[in-house]
Amino acid sequence: MLSTLIYRSRLSPACSVKELNQIVTKAQARNAALEITGILLFDGDYFLQVLEGAESAVNQVYGSIRRDPRHCNLVELMRDYAPLRRFGNLGMELFDTRRYAQGSILEAVLQKGTSRYNLAYDDRALKFIRSFVEGHWRAHLLPCPDSANWRFATRENPFSLPMDLIPGQPCQFALQPIVEPLRGQISSLEALIRGTDGGSPADYFASVAPEKVYEADLLSKNYAFALAKRIGIGNHKIAVNLLPMSLVMVPNAVGILLDQIARNGLIPEQVVVEVTEDEVISRFDEFVIAIRQLRSAGIALAIDDFGSGFAGLSLLSKFQPEKLKLDRTLVSDIHINGPKQAIVQAIINCCAALEITIVAEGVEKVEEWCWLQAAGIQRFQGYLFARPLLNGVPPVAWPDNAV
Ligand code: C2E
Ligand code: MN
Ligand code: MN
């Protein structure tokens, strides 16, 4: 099957334009051997490349481009399939847009097409080429802090040392900080349930009888709040996960939560309840009743795993939580993924208008954090900063701009 991949990148400042011609000659030979066709637009600074060929060959070429240090700020814009090659006559010509008058660039690109027909009729590939030539995208480029400039250093945190497994409990909890890296602040701690032997949430729930899951989920929160007390949480916030149905099916659920909170010396305003998008949607009407009670008690609500399910932004037309946690599927490799960038920018705009705080979850790479921070997100959770720690708060790796 014929596949198309379009990406944009910037010529590394370390690479001269003369060197570029040599690279292109080499790439042409490689592409010819793999039966890759396409076009490489260059405006003196940025590239836009259309690669077309067998999917495996396209992936192979794109893989080596991704690893090539002469390409920086690389962003994948489009992957698609097509009936015909758009640039079937070109191995991989370097098309220097500076050689043409602004108004005639697109026409000159079209001349290179295999046939004018397959570039017409609202072709998305052609639209990417047109946008590149028009150059409006430059205004939306983020002033990305260079990820290479950051060093991470762990600092002591103010909490008590972690403990081993706590005996006599049906479950354990691990804590993972949610941080504001540039302010050097922990904004909250998320309590993640563990089995009696420290196993995963799935292990824990597998050990509970199906008809007892909601009750067990709700009652387990007492151990999360007790842990918060033990570590000396002070004014920090604690976030707990709940199945929304645990709030609906257990009689007086919010009353029970409030009692657990008070018993452990906490106040409702420092508690955040996280529920996942999918579970909210499946029984929305019942869920709304539970939210009302939570909010009336002063407890904040966060939508967890936002972007992983079906609901997406339409959920926010039904109700607006205090916090929204961007799912890891949107966060991973966002720095090189155009579709994820577009979606997350839309979510950021939407949350700014609605005063909803965004937390990016599952941040593992410096580059992901840099992109998201430049896009306006301030709160982060992920292995880059700290992994969950059983019965304690792990030290946070704080970034420091060394340059
Ligand atoms: P979640 O609430 O989205 O929690 C984040 C999960 O992502 C945690 O997995 C955490 O260990 C993991 N994580 C954090 N940073 C990173 C990262 O940088 N990379 C990757 N790959 N993963 C990261 P965990 O502890 O296994 O929890 C899984 C899920 O189980 C939670 O997802 C939550 O939905 C659920 N869960 C946890 N505790 C409870 C609970 O008390 N009640 C209920 N109903 N569900 C819970
Ligand atoms: Mn969560
Ligand atoms: Mn999540």
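Just so you know, these numbers use all the heavy atoms, side chains as well, and skip hydrogens, waters and symmetry mates. Remember, it's 1-based here, ligands and their atoms both numbered in the order they're listed.
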> Mind checking whether R387 has a heavy atom under 4.0 Å from ligand 1?
Replying inline: no

> What protein heavy atom sits nearest atom 46 (C) of ligand 1, and how far off is it?
Replying inline: N241 CB, 3.5 Å

> Should the pair E322-R295 be classified as a salt bridge under the 4.0 Å nitrogen-to-oxygen rule?
Replying inline: yes

> Is atom 7 (O) of ligand 1 close to the protein, meaning a heavy atom under 4.0 Å from it?
Replying inline: no

>> I'd like to know whether ligand 1 has E190 as a neighbour, heavy-atom separation below 4.0 Å.
In response: yes

> Side chains of Y81 and E55: donor-acceptor distance under 3.5 Å anywhere?
Replying inline: yes

> Checking only N/O/S atoms, does E361 have one that is under 2.8 Å from the Mn ion (ligand 2)?
Replying inline: no

> Only one of K325, K323, R328 forms a salt bridge (Lys or Arg N to Asp or Glu O under 4.0 Å) with E361, so which one is it?
Replying inline: K325

>> Does the Lys NZ or Arg CZ of K112 fall within the cation-pi geometry relative to F95 - under 6.0 Å from the ring centre and within 45° of the axis?
In response: no

> What protein heavy atom sits nearest atom 12 (C) of ligand 1, and how far off is it?
Replying inline: Y383 OH, 4.3 Å

>> Taking the ring centre of each residue, are Y46 and F132 less than 6.0 Å apart?
In response: no

>> My question is simple, although I want it checked carefully: is atom 23 (C) of ligand 1 less than 4.0 angstrom from any protein heavy atom?
In response: yes

>> For a distance under 2.8 Å, tell me if T276 has an N/O/S atom near the Mn ion (ligand 2).
In response: no

>> Please list the nearest protein heavy atom to atom 38 (N) of ligand 1 with its residue and the distance rounded to 0.1 Å.
In response: I193 N, 3.0 Å

> What N/O/S atom of D304 gets nearest to the Mn ion (ligand 3)?
Replying inline: OD1

> Nearest protein heavy-atom contact for atom 15 (N) of ligand 1: which residue, which atom, what distance?
Replying inline: Q176 NE2, 3.1 Å

>> One residue to check: L192. Relative to ligand 1, which of side chain, backbone, both or neither has a non-hydrogen atom less than 4.0 Å away?
In response: both

>> I'd like to know if F205 contacts ligand 1, where contact means a heavy-atom distance under 4.0 Å to any ligand atom.
In response: yes

> Is it the side chain (CB and beyond), the backbone, both or neither of E361 that lies under 4.0 Å from ligand 1, heavy atoms counted?
Replying inline: side chain

> So which protein heavy atom does atom 27 (O) of ligand 1 come closest to, and at what separation?
Replying inline: P201 CG, 3.4 Å

> Which word best sums up how the rings of W150 and W369 line up, parallel for under 30°, tilted for 30 to 60°, or perpendicular for over 60°?
Replying inline: perpendicular

> atom 11 (O) of ligand 1: which protein heavy atom is closest, and how many Å away?
Replying inline: P388 CG, 3.2 Å

> Going by the angle between their ring planes, with limits at 30° and 60°, are H71 and Y7 parallel, tilted or perpendicular?
Replying inline: perpendicular

>> Using heavy atoms and a 4.0 Å limit, tell me yes or no: is S200 in contact with ligand 1?
In response: no

>> Taking the six-membered ring of F287 as reference, does the cationic atom of R283 (NZ for Lys, CZ for Arg) lie under 6.0 Å from its centre and within 45° of its axis?
In response: no

>> Tell me whether atom 42 (N) of ligand 1 lies less than 4.0 Å from at least one protein heavy-atom position.
In response: yes

>> How far is atom 20 (C) of ligand 1 from the closest protein heavy atom, and which atom is that?
In response: E364 OE2, 3.2 Å

> In E190, what N, O or S atom is nearest to the Mn ion (ligand 2), if we give its atom name?
Replying inline: OE2

>> If we check side chain to side chain contact (heavy atoms under 4.5 Å, CB included) with F306, which of these qualifies: L313, V359, I358?
In response: L313

> Would a 4.0 Å cut-off, counted as strictly less than, catch a protein heavy atom around atom 1 (P) of ligand 1?
Replying inline: yes

> At a non-hydrogen distance cut-off of under 4.0 Å, which region of V240 contacts ligand 1 (side chain, backbone, both, or neither)?
Replying inline: neither

>> Quick check on the Mn ion (ligand 3): does D305 put an N/O/S atom closer than 2.8 Å to it?
In response: yes

